[in-house]
There are 2 protein chains.
Amino acid sequence: MQKSVSPSQDTETTTARGRGRPRAFDREDALAKATHLFWRKGYEATSISDLTAVMGIGSPSLYAAFGSKEALYMAALGHYQARYEASVWRRFNSAPTAREAVEALLTDSAAALTGSLPDVPNGCMVTLSSVADHADLAELVRAARSVTLERLEARLTRAVAAGEVPASIDIRALARFVQTVQNGMSILARDGAPRVELEAVAQMTMAGWDSRVGADA
Amino acid sequence: MQKSVSPSQDTETTTARGRGRPRAFDREDALAKATHLFWRKGYEATSISDLTAVMGIGSPSLYAAFGSKEALYMAALGHYQARYEASVWRRFNSAPTAREAVEALLTDSAAALTGSLPDVPNGCMVTLSSVADHADLAELVRAARSVTLERLEARLTRAVAAGEVPASIDIRALARFVQTVQNGMSILARDGAPRVELEAVAQMTMAGWDSRVGADA
DNA sequence: GGATTTATATATCGATCGATGCAGAAATCT
DNA sequence: AGATTTCTGCATCGATCGATATATAAATCC
């Protein structure tokens with residue numbers, strides 16, 4: 001099912017020493033610019049002309065380097081996950097308790113979603129992407145979205161094993177709840193809600209943590 | 001700034017007795033079908049061909065009846081709000097306490113977003129719409145989204161006045177929190193989360209209500 | 001019934017969509 | 001050096017985009 005095994009096609013991670021004329025642009029840099037454009041405008045609304053304009057290359061170069069618009073979007077998603085999404089999970093992964101992990105996830109999400117870095121669009125590229133009528137992209141994006149739920153469930157399961165959270169708690173529902181809050185923050189961020197308001201949402205979420213985790217519901 | 005004052009143009013609410021050849025299709029029915037398509041596919045991804053196909057009319061009829069693709073989308077948004085969105089606020093508006101109002105809103109949203117009615121797409125058309133590069137549509141949609149926040153703030157303000165909620169509570173933040181949960185549920189619904197899971201999210205949200213409203217944060 | 005008005009059906013408009021063909025330029029190989 | 005390989009710039013492909021011109025059909029007005 002792989003696309004190709006030929007050299008210097010498809011993804012080409014390293015700078016692969018080739019034989020012919022060297023590429024005149026930096027692939028990672030061009031991919032970063034394409035990622036930002038897809039992030040801001042979405043898949044459908046972003047045209048090849050838009051992409052070549054911001055990437056500073058011609059369309060034949062784009063197709064030679066990335067294959068197609070869909071393949072470029074997939075590469076952009078990968079770039080996004082590696083470059084931006086990972087930072088949101090750092091403190092989550094190292095937090096000693098599930099409670100602190102969730103609080104870190106939501107707080108760091110609030111910062112990341114509201115453009116704490118310059119030139120970064122608001123909201124999550126994965127959460128807000130709409131690729132409904134491109135089956136393969138839709139599946140990829142949905143898979144990316146499900147990772148959040150899986151990580152939350154895994155962390156909460158650990159917390160139950162550690163005695164932090166009682167076994168009577170519905171892990172799945174609690175993970176869904178946190179995922180829902182994070183998803184909702186993306187929409188607020190896209191609409192221009194400031195960082196402090198998203199952080200307040202994170203605090204509101206955590207303010208109810210004990211009664212949720214303590215109760216039987 | 002109004003488009004036109006001529007008879008039988010633009011929106012034409014009632015069935016206005018005209019002079020010439022009568023319209024061969026039902027305007028409301030065609031609008032309902034267009035609404036469902038926009039709802040499922042989004043603005044950009046829906047073409048005039050797609051629309052005329054499901055509406056069962058030719059493109060000249062579409063333009064004569066609705067003006068343009070943008071105008072049709074605006075009409076579809078209006079149809080959506082009148083036909084679907086209103087039902088989600090019914091119990092909210094009649095609930096005796098803010099707590100019951102919010103619980104009703106989230107519970108009824110869970111049902112509405114997961115297609116409790118047949119032929120209805122999952123998720124909220126307003127929340128999930130992406131019309132980034134059509135300034136006028138973007139403004140309209142954002143305004144529609146802000147209504148939720150306003151209603152929540154108004155209801156919570158009333159609750160403070162009634163003594164249900166202490167005045168020390170940050171009304172704005174609490175309203176943002178509820179809005180965030182509702183927004184997030186739309187994304188879960190679009191990805192196929194079943195109704196019971198959204199209802200569990202609503203329960204999780206309400207499970208923390210007392211400690212949120214009781215605390216000072 | 002004739003004039004007027006409005007809607008429909010067919011065909012198509014210019015613009016843009018995603019994607020390539022081709023010739024020349026710039027590198028490595030022998 | 002010449003042969004080979006790869007990338008770039010220009011032009012353009014067929015398809016589809018949103019939107020209309022034109023001619024005919026179906027209603028009311030007089």
Side-chain angles (χ1 to χ4, degrees), chain A residues 3-4 6-10 12 14-27 29-31 34 37-38 41-76 131 133-134 136-137, chain B residues 3-12 14-27 29-31 34 37-38 41-76 131 133-134 136-137:
Chain A
K3 272 305 256 327
S4 150
S6 68
S8 181
Q9 243 283 71
D10 258 0
E12 177 198 353
T14 58
T15 39
R17 313 292 301 109
R19 246 217 315 174
R21 174 174 175 174
R23 187 174 284 135
F25 61 95
D26 183 82
R27 193 179 188 275
D29 187 61
L31 180 55
L37 197 59
F38 276 135
K41 304 187 53 170
Y43 179 75
E44 307 271 4
T46 303
S47 70
I48 299 292
S49 301
D50 295 333
L51 289 166
T52 56
V54 302
M55 297 166 87
I57 62 178
S59 49
S61 297
L62 188 156
Y63 282 93
F66 299 101
S68 71
K69 186 184 176 185
E70 285 204 4
L72 175 57
Y73 188 80
M74 294 184 192
V131 289
D133 53 352
H134 291 256
D136 40 357
L137 290 185
Chain B
K3 272 303 258 324
S4 151
V5 203
S6 67
S8 183
Q9 244 283 72
D10 257 0
T11 39
E12 177 198 351
T14 56
T15 40
R17 312 290 303 112
R19 231 191 0 150
R21 174 174 174 174
R23 186 175 285 135
F25 61 95
D26 184 83
R27 193 180 189 277
D29 187 60
L31 180 55
L37 196 59
F38 276 135
K41 303 188 54 170
Y43 179 75
E44 308 270 4
T46 304
S47 71
I48 299 292
S49 301
D50 294 334
L51 290 165
T52 55
V54 302
M55 296 165 87
I57 62 177
S59 49
S61 297
L62 187 156
Y63 282 92
F66 299 99
S68 71
K69 186 184 174 185
E70 286 204 4
L72 175 56
Y73 189 80
M74 294 184 191
V131 288
D133 53 351
H134 292 256
D136 42 356
L137 290 185

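Chain letters run A, B, ... following the sequence lines, proteins first and then strands; every chain starts at 1.
- Closest-nucleotide positions on DNA chain D for B:S47 and B:P60 were compared, and the one nearer the 5' end corresponds to B:S47.
- In this structure, OH of A:Y63 is placed 12 Å from C1' of D:dC13, rounded to the nearest angstrom.
- The OH-C1' distance, from B:Y73 to D:dA19, rounds to 20 Å in whole Å.
- Using a 4.5 Å cut-off on side-chain heavy atoms (C-beta onward), B:L31 and B:D26 make no contact.
- Following rounding to the nearest Å, B:F66 (CZ) and D:dG18 (C1') show an atom-to-atom distance of 16 Å.
- Atom CG of A:D133 is separated from atom P of D:dC17 by 11 Å (rounded to the nearest Å).
- Using a 4.5 Å cut-off on side-chain heavy atoms (C-beta onward), A:F66 and A:M74 make no contact.
- Per the geometry, NE2 belonging to A:H134 stands 11 Å off C1' belonging to C:dG18, to the nearest Å.
- Take the nearest nucleotide of DNA chain C for B:G20 and for B:A24: the residue whose nucleotide is more 5' is B:G20.
- In terms of phosphate contacts, A:S61 brings no side-chain nitrogen or oxygen within less than 4.0 Å of OP1 or OP2 of D:dC7.
- The base of C:dT20 sits with one of its N or O atoms less than 3.5 Å from a complementary donor or acceptor on the side chain of A:S59.
- Scanning all heavy atoms of the two residues, the minimum distance from A:L62 to A:L51 falls at CD1-CB, 4.0 Å.
- Between the P atom of D:dG18 and the NZ atom of B:K69 lies a distance of 4 Å, rounded to the nearest Å.
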inquiry  = Working note: B:L37 + B:M55, criterion side-chain contact (heavy atoms from CB on, under 4.5 Å); need CA distance, chi angles, decisive distance, verdict.
reply    = CA-CA 10 Å; B:L37 196 59; B:M55 296 165 87; over 6 Å; no
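- If you measure from atom CD1 of A:I48 to atom P of D:dC13, you get 19 Å, rounded to the nearest angstrom.
- Contact between the side-chain N/O atoms of B:S49 and the OP1/OP2 oxygens of D:dG18 is not found at any separation under 4.0 Å.
- Straight-line distance from the CZ atom of B:R23 to the P atom of D:dT28: 15 Å, rounded to whole Å.
- By the 30° and 60° cut-offs, the orientation of the rings of B:Y43 relative to B:F38 is parallel.
- Residue contacts for B:T52: at a heavy-atom cut-off of 4.0 Å it reaches no nucleic acid atom on any strand shown.
- A:P22 comes within contact range of the sugar-phosphate backbone alone, with a heavy-atom separation under 4.0 Å but no base atom that close.
- Proximity note for B:F25 (side chain, C-beta onward) versus D:dT5, D:dG18, C:dT8: the nearest is C:dT8.
- Side chain B:R21 to base D:dA25: a donor-acceptor pair is found below 3.5 Å.
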